Amino acid sequence: MRRRQTALSRREFLAASGAAATGLILPQTNPQRAGVIGRPLLNLETLEKFVDALPIPRMAAPSGTRPEPRRPAQKIPYYRLAMRPFAAKIHRDVPATRFWGYEGTSPGPTIETRSGEPILVEWVNQLPATHILPIDHTIHGAGREIADVRVVAHLHGAKAPPESDGYPEAWFAPGKSAMYHYPNQQDAAMLWYHDHALGITRLNIYAGLLGAYVIRDHFEDGLRLPRGKYEIPLILCDRFFDSQGQLYYPVSPDPESPWVPEVFGDAALVNGKLFPYLEVEACKYRFRLLNGSNARFFSLSFSNGLQFHQIGTDLGLLPAPVPLRRLDIAPAERADLIVDFAGHAGENFQLLSTILPVLQFRVARRPARESGGLPATLRPVPKIPESAAVQTRLLTLGEKDDKAGNPMTMLLDNKHWSMPVTETPKLNSAEIWSFANFTDDSHPVHLHLVRFQILDRQSFEPEEYYKQGKIVSLANAVPAAPNEAGWKDTVQAHSRMVTRIIARFEGFTGRYVWHCHILEHEDNEMMRPYDVIA
Ligand code: C2O
Ligand code: CU
Ligand code: CU
């Protein structure tokens with residue numbers, strides 16, 4: 001992140017908050033931030049670590065069956081998930097925090113389904129009329145004339161019909177609900193549901209509106225991967241808490257326009273707890289990791305340098321396990337991991353975010369039953385050949401700054417949300433989308449509806465583009481890393497690089513969206529509608 005020479009710029013505030021999270025700056029002792037952080041923050045340094053057990057989100061249970069919308073003779077499971085305020089303890093020694101969550105929990109209950117078995121979910125808004133976090137009414141779609149509290153649920157990674165996709169403008173106010181149909185015609189993977197209301201997604205998710213959604217299938221069953229108590233979701237969300245233990249969402253120095261360009265909280269919650277511990281047996285575990293943060297890219301490793309394997313990406317299994325000692329995961333990305341605790345009986349060690357512990361593992365003394373080997377191959381990921389693409393789109397990721405160099409909006413292809421649709425792929429056709437990132441930050445770019453493959457990344461010189469009107473590459477293209485070479489729905493588009501993806505637009509025609517998954521960006525114009533056409 002580039003630092004600029006302006007007093008108290010938004011950008012510097014962010015740089016400072018990022019540093020705070022690595023323990024290098026104490027938020028309370030940085031006078032530069034006094035005007036921005038409006039209240040004293042929870043002092044993480046003095047909190048005793050690893051006193052709370054890692055919670056596992058409970059499983060959602062259907063509340064009956066209903067006719068399948070497209071084949072009314074068939075009855076399918078029906079779930080009802082209500083969004084409500086609730087209070088929960090993030091830590092033994094911190095007073096209960098007020099959150100918003102699905103069914104009064106955050107993360108919400110995990111929905112588990114099987115590929116090819118459709119379900120219905122009724123999303124119910126039982127929230128109060130006033131928001132608990134600061135709304136910026138100057139942002140498009142968040143004006144004072146509409147309800148402050150509004151929600152729309154999106155199932156991230158789902159191949160869902162457009163009317164069930166959670167279009168950002170399809171929000172509904174407290175007292176209302178929406179019935180969504182998820183066909184689940186897709187491979188085993190961990191998806192996640194979260195709020196997507198236009199202009200306040202960052203606040204609704206920060207308040208707690210997210211949860212996991214697991215699809216299983218026969219292929220995955222056949223691999224005999226760790227399951228039951230050996231398969232654990234790890235949902236990471238960074239947040240700020242004030243000294244009373246309440247959620248704190250930073251604001252800009254301008255009270256009329258409190259939006260800030262990114263939030264990097266100094267507290268990393270795992271399944272809703274701060275510094276939890278997990279007792280494990282000395283055998284293999286499968287961790288289904290989700291980065292549910294607004295903006296933070298986590299760089300994860302173990303304090304003892306343990307090697308682990310990534311077996312799946314956002315939307316399914318990799319062709320083969322990829323050994324890793326560090327994992328960089330962007331907002332909205334998922335990683336399916338196998339960690340083998342054999343050989344570490346009796347040890348305690350931690351999962352680290354950069355250098356800070358986020359979760360402690362306590363490995364049992366007693367050697368565990370033999371947990372079997374890791375399969376050498378997993379699931380083939382047939383390459384979509386570049387020659388299959390009928391269209392290549394060059395799409396810029398750009399930033400508009402004010403005179404002081406503070407970012408004001410991030411734009412996709414230099415277009416605002418409300419401008420006419422420009423991306424119109426044909427149903428069942430393949431396209432290459434090239435994201436040319438002119439900004440100094442990485443942006444996790446997400447497409448609804450489709451799964452894609454990363455082709456490559458290539459650095460380019462933005463100045464040359466301004467002069468010549470074309471991309472001038474500076475180096476050879478680098479293919480996707482082995483742990484990205486599977487089905488993806490979110491890709492890290494790095495600064496001054498062209499990141500190319502290829503997708504087949506299958507499933508449904510209709511209106512979807514693509515956007516940056518840094519929620520502050522997405523809320524402030526870094527999101528575009530797109531149409532899949534017949
Ligand atoms: Cu995670 Cu548009 O969504
Ligand atoms: Cu999505
Ligand atoms: Cu972005």
Side-chain angles (χ1 to χ4, degrees), residues 1 11 14 107 141 151-162 164-171 180 182 186 189-202 204-206 209-213 235 237 259-264 290-297 314-315 329-334 395-400 407-413 417 435-452 487-495 497 499 503 507-508 511-530:
M1 193 165 285
R11 180 70 78 179
L14 291 160
V151 297
V152 57
H154 166 60
L155 179 54
H156 180 125
K159 198 196 215 180
S164 293
D165 192 52
Y167 193 68
E169 291 175 355
W171 52 261
Y180 279 5
Y182 301 114
Q186 55 189 106
M190 188 175 92
L191 285 50
W192 62 300
Y193 58 88
H194 62 73
D195 194 70
H196 218 307
L198 191 66
I200 55 166
T201 295
R202 69 193 184 290
N204 287 352
I205 295 181
Y206 196 89
L209 291 172
L210 75 160
Y213 186 110
I235 301 175
C237 298
W259 176 82
V260 290
E262 282 118 9
V263 170
F264 303 104
L290 159 67
N291 181 351
S293 297
N294 281 32
R296 179 176 297 284
F297 287 58
D314 303 334
L315 284 177
I329 185 165
E333 285 188 308
R334 284 88 70 212
L395 300 158
T396 62
L397 315 183
E399 175 177 309
K400 279 202 176 144
M408 297 312 295
T409 27
M410 267 54 65
L411 295 180
L412 297 171
D413 207 29
W417 166 253
F435 305 115
N437 183 352
F438 286 74
T439 75
D440 296 322
D441 301 311
S442 289
H443 300 269
V445 180
H446 169 51
L447 275 69
H448 285 210
L449 177 70
V450 294
R451 56 180 190 175
F452 57 73
W487 292 110
K488 297 280 295 167
D489 58 40
T490 304
V491 60
Q492 300 180 20
H494 298 309
S495 172
M497 289 202 141
T499 301
F508 302 91
R511 173 77 39 100
Y512 292 92
V513 301
W514 67 284
H515 59 88
C516 173
H517 222 290
I518 291 178
L519 303 179
E520 286 73 28
H521 296 181
E522 161 182 356
D523 267 349
N524 194 4
E525 302 285 354
M526 205 174 193
M527 177 164 71
R528 288 282 294 152
Y530 84 88

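In each ligand, atom 1 is the first atom listed, and ligand 1 is the first ligand listed. Owing to the predicted nature of the structure, the values given are computational and were not obtained by experimental measurement.
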Novice: Kindly say whether the aromatic ring centers of H515 and H521 come within a distance under 6.0 Å.
Specialist: no
Novice: Keeping N291 on the side-chain end and I329 on the backbone end, is there a donor-acceptor pair under 3.5 Å?
Specialist: yes
Novice: Can you tell me if E399 uses its side chain to pair, donor with acceptor, with the backbone of M410 under 3.5 Å?
Specialist: no
Novice: Is it true that a side-chain atom of D195 and a backbone atom of L209 form a donor plus acceptor pair closer than 3.5 Å?
Specialist: no
Novice: Could you name all protein N, O or S atoms found under 2.8 Å from atom 2 (Cu) of ligand 1?
Specialist: H196 NE2, H448 NE2, H515 NE2
Novice: Enumerate the protein N/O/S atoms at a distance below 2.8 Å from the Cu ion (ligand 3), ignoring waters.
Specialist: H443 ND1, C516 SG, H521 ND1
Novice: Verify the distance test for H446 against the Cu ion (ligand 2): any N/O/S atom under 2.8 Å, yes or no.
Specialist: yes
Novice: What I want to check is whether the side chains of D441 and T439 have a donor and an acceptor closer together than 3.5 Å.
Specialist: no
Novice: Is the Cu ion (ligand 2) less than 2.8 Å from an N/O/S atom of H154, whether that atom is in the backbone or a side chain?
Specialist: yes
Novice: Run R511 and D165 through side chain to side chain contact (heavy atoms under 4.5 Å, CB included) and show every step you take.
Specialist: CA-CA 9 Å; R511 173 77 39 100; D165 192 52; over 6 Å; no
Novice: Determine whether a donor-acceptor pair (N or O, by modelled atom type, separation under 3.5 Å) exists between the side chain of W514 and the backbone of V445.
Specialist: no
Novice: Is the centre of the W192 ring less than 6.0 Å from the centre of the H446 ring?
Specialist: no
Novice: Which one of E522, H448, R528 satisfies the side-chain contact (heavy atoms from CB on, under 4.5 Å) criterion with V513?
Specialist: H448
Novice: Salt bridge between D489 and R334, side-chain N to carboxylate O under 4.0 Å?
Specialist: yes
